[in-house]
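Taking it in order: structure first as structure tokens, then the write-up.
When a residue number appears, it is its place in the shown sequence, counting from 1.
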Amino acid sequence: MSTPSKSVPKSAELKIGDESLELPVVVGTENEVSVDISELREKTGVITLDEGYRNTGSVRSDITFINGEEGILRYRGIPIEQLAEKSNFVETAMLLIFGELPTEDQLSHFRELLSEHEMIHEGMRNSFLGFPSNGHPMPILSAMINTMSCYNADTWDIESDKDIENAAARLLSKIRTVAAYAYRTSRGLPLIYPEPDYSYCRNFLHLMFSSPTHAQDFDPDIVRALSLFLILHADHEQNCSTSTVRMVASAGANLFASCAAGVCALWGPLHGGANVAVIEQLERLHESETSVDQLMEDVKQKKEKLFGFGHGVYKHYDPRAMILRKQAAKVLDKLGLNDPLMDIARRLEEVALNDDYFVSRNLYPNVDFYSGILLRAIGIPTNMYTVMFAIGRMPGWIANWKEVRDSKSRIYRPRQVYMGPTERDYVDRDKR
């Protein structure tokens, strides 16, 4: 862990008219420098304006570090490349939620909790029948997570670390059951029960694709690919959905309600739905006479939008995209598939990385660019892509919910700069 630079001042002076105010400077463990404005309004009556919070540090967090300029992503200090190579999803989830890599005994105990809580109440099975057969899985997922809180009311009041461990295991385990049931209900398929002896990812594939009369077998490399996908999506600092979870958590809302809100935020096409847009664009290219070169020229002329390139944080190649690129190729080769979308994706990447227009604008492939191809190879349908993102992101949401709870912070309450009409009188209806 690096030491904050000695050249950074301890305070910053802010001048408002003839008055000046000394604001404390806060330096993170990775030398991120921030100015603490928490007392600005109280002392001056002035607030800051930062629409979209792009320049605002809303929290002090110990969970995830990102350096977008250098393409760095670390969970609790551990590089994502090491976790992708050596870890699995359950172990990574425990790292994010509890702060340290688990011992063998801790990991074994948590896996037992996941198996213990993998079933959902039979009453919830009936709830799936109330949704239209063509309903999107994301609102079903959000609704059913909230419904789970009704059947797990003992998790509302958490008093100890053991309570948090139990609640986290319940939500992590049940979300894959709910997600698979949402898919099967939309296809008119019978619901099947989890297998307690299966690993987390193998069990999810079983719930998705097995039948009541035949338990499908899954190649270990495919199971590993799913685990890798979930690891790479497990947390990503203060993004839209994570900030939503923290906002709701600050009101004292329980874990299930807070994470259900996160699902709703993730459903937005500008957040969790981006990999769907990538696949749809690749499919259009494959089915039309438009060449990759023509698309890229249209992008430059602003006639088309290029999906899966560029990121609000990374100004370099997204480290997760590099990992997924290799994994997607490995899975396709393992399955003996020759997916034309993969060839188109590689050609798009090649053109972008060798064209100054894209390089100068930091338009490098992001995590969404290859994740859809990987999910497609595994057999996950397109309308489930965002659900897969939600399953992967759940450890990060839980960790952030826990951090809010542990900090005992006040309810989040941003200010605004009002730009509407000044005071005016009510006009009677007959005079409008």
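- In this model, no donor atom of one side chain and acceptor atom of the other lie less than 3.5 Å apart for Asn146 and Ser149.
- Between Arg76 and Asp62, no side-chain nitrogen of the basic residue sits less than 4.0 Å from a carboxylate oxygen of the acidic one, so the salt-bridge criterion is not met.
- Residues Asp368 and Ala274 share a closest heavy-atom pair of OD2-CB, 3.2 Å.
- Using modelled atom types, no side-chain atom of Asp333 and backbone atom of Val331 make a donor-acceptor pair closer than 3.5 Å.
- A donor-acceptor pair shorter than 3.5 Å cannot be found between the side chains of Glu32 and Asn67.
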**Prompt:** Would Glu118 and Arg176 satisfy salt bridge (Lys or Arg N to Asp or Glu O under 4.0 Å), going step by step from the backbone distance to the final call?
**Reply:** CA-CA 8 Å; Glu118 63 192 4; Arg176 63 184 167 171; 3.5 Å; yes
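- Just one residue in the list Thr64, Asn400, Thr56 forms a side-chain hydrogen bond (donor to acceptor under 3.5 Å, both in side chains) with Gln238, and that residue is Asn400.
- For Asn203 (side chain) and Ser199 (main-chain N/O), no donor-acceptor pair under 3.5 Å exists by modelled atom type.
- Under a cut-off of 6.0 angstrom, the local environment of NZ in Lys300 is crowded, with over 12 non-hydrogen atoms contributed by other residues, nucleotides or ligands.
- For Ser409, there are no side-chain hydrogen bond (donor to acceptor under 3.5 Å, both in side chains) partners two or more places apart in sequence or in a different chain.
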**Item:** Derivation and outcome, side chain to side chain donor-acceptor pair (under 3.5 Å), residues Glu349 and Tyr317
**Value:** CA-CA 11 Å; Glu349 180 183 9; Tyr317 207 115; 2.3 Å; yes
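- Remark: Arg325 is not positioned above the aromatic ring of Phe369, lacking an NZ or CZ atom under 6.0 angstrom from the ring centre and at most 45 degrees off the axis.
- Nearest approach of Ala260 to Ser142, heavy atoms of both residues: O-OG, 3.1 Å.
- Residue Arg60 places its CZ atom among 12 or fewer non-hydrogen atoms of other residues, nucleotides or ligands, all under 6.0 Å distant.
- Between the side chains of Asn166 and His117, at least one donor N or O sits under 3.5 Å from an acceptor N or O.
- Using a cutoff of 4.0 Å between basic side-chain nitrogens and carboxylate oxygens, Arg202 and Glu195 are not scored as salt-bridged.
- The two residues Ala84 and Ile323 come nearest to each other via the heavy atoms CB-CD1, 3.8 Å.
- The six-membered or imidazole ring of His236 lies away from that of Tyr75, with a centre-to-centre distance of 6.0 Å or more.
- Counting non-hydrogen atoms of other residues, nucleotides and ligands closer than 6.0 Å to OH of Tyr357 gives a total above 12.
- With Tyr364 contributing its side chain and Phe358 its backbone, the two residues share no donor-acceptor pair below 3.5 Å.
- Checked for salt-bridge contact, Lys402 and Asp406 meet the test: a charged N lies under 4.0 Å from a carboxylate O.
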Side chains of residues 411-427: which donor-acceptor partners sit under 3.5 Å, not counting sequence neighbours?
{"from": "Tyr412", "atom 1": "OH", "to": "Arg246", "atom 2": "NE", "distance (Å)": "3.3"}
{"from": "Tyr418", "atom 1": "OH", "to": "Pro421", "atom 2": "O", "distance (Å)": "2.8"}
{"from": "Tyr426", "atom 1": "OH", "to": "Arg432", "atom 2": "NH2", "distance (Å)": "2.9"}

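- Looking only at distances, no side-chain donor or acceptor of Thr244 sits under 3.5 Å from a matching main-chain atom of Gly262.
- Dense packing is recorded around CD of Gln216, with more than 12 heavy atoms of other residues, nucleotides or ligands lying under 6.0 Å away.
- Under the 3.5 Å distance criterion, the side-chain polar atoms of Trp156 are left unmatched by any main-chain donor or acceptor of Ala253.
- No donor-acceptor pair under 3.5 Å is formed between the side chain of Glu165 and the backbone N or O of Phe98.
- Using a cutoff of 4.0 Å between basic side-chain nitrogens and carboxylate oxygens, Arg74 and Glu81 are not scored as salt-bridged.
- Minimum heavy-atom separation, Ala352 to Val359: O-CG2, 3.6 Å.
- With respect to the salt-bridge test (charged N to carboxylate O, under 4.0 angstrom), the residues Lys86 and Glu91 do not qualify.
- In this structure the side chain of Ser186 never reaches within 4.5 angstrom of the side chain of Ser133, judged on heavy atoms.
- Scanning both residues, Phe209 and Ile378, for their nearest heavy atoms gives CE1-O, 4.5 Å.
- Summarising the geometry of Pro395 relative to Leu96, their closest heavy-atom pair is CB-CD1, 4.1 Å, with the distance given to 0.1 Å.
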**Request:** Start with the C-alpha gap between Glu122 and Arg125, add the side-chain angles, then the distance that decides, and say whether side chain to side chain contact (heavy atoms under 4.5 Å, CB included) holds.
**Result:** CA-CA 5 Å; Glu122 286 296 302; Arg125 286 167 60 97; 3.1 Å; yes
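- Screening Leu282, Ile344, Leu324 for a side chain to side chain contact (heavy atoms under 4.5 Å, CB included) with Ile373, the sole residue that qualifies is Leu282.
- Side-chain atoms of Ser38 and Asp36 include a donor-acceptor pair closer than 3.5 Å.
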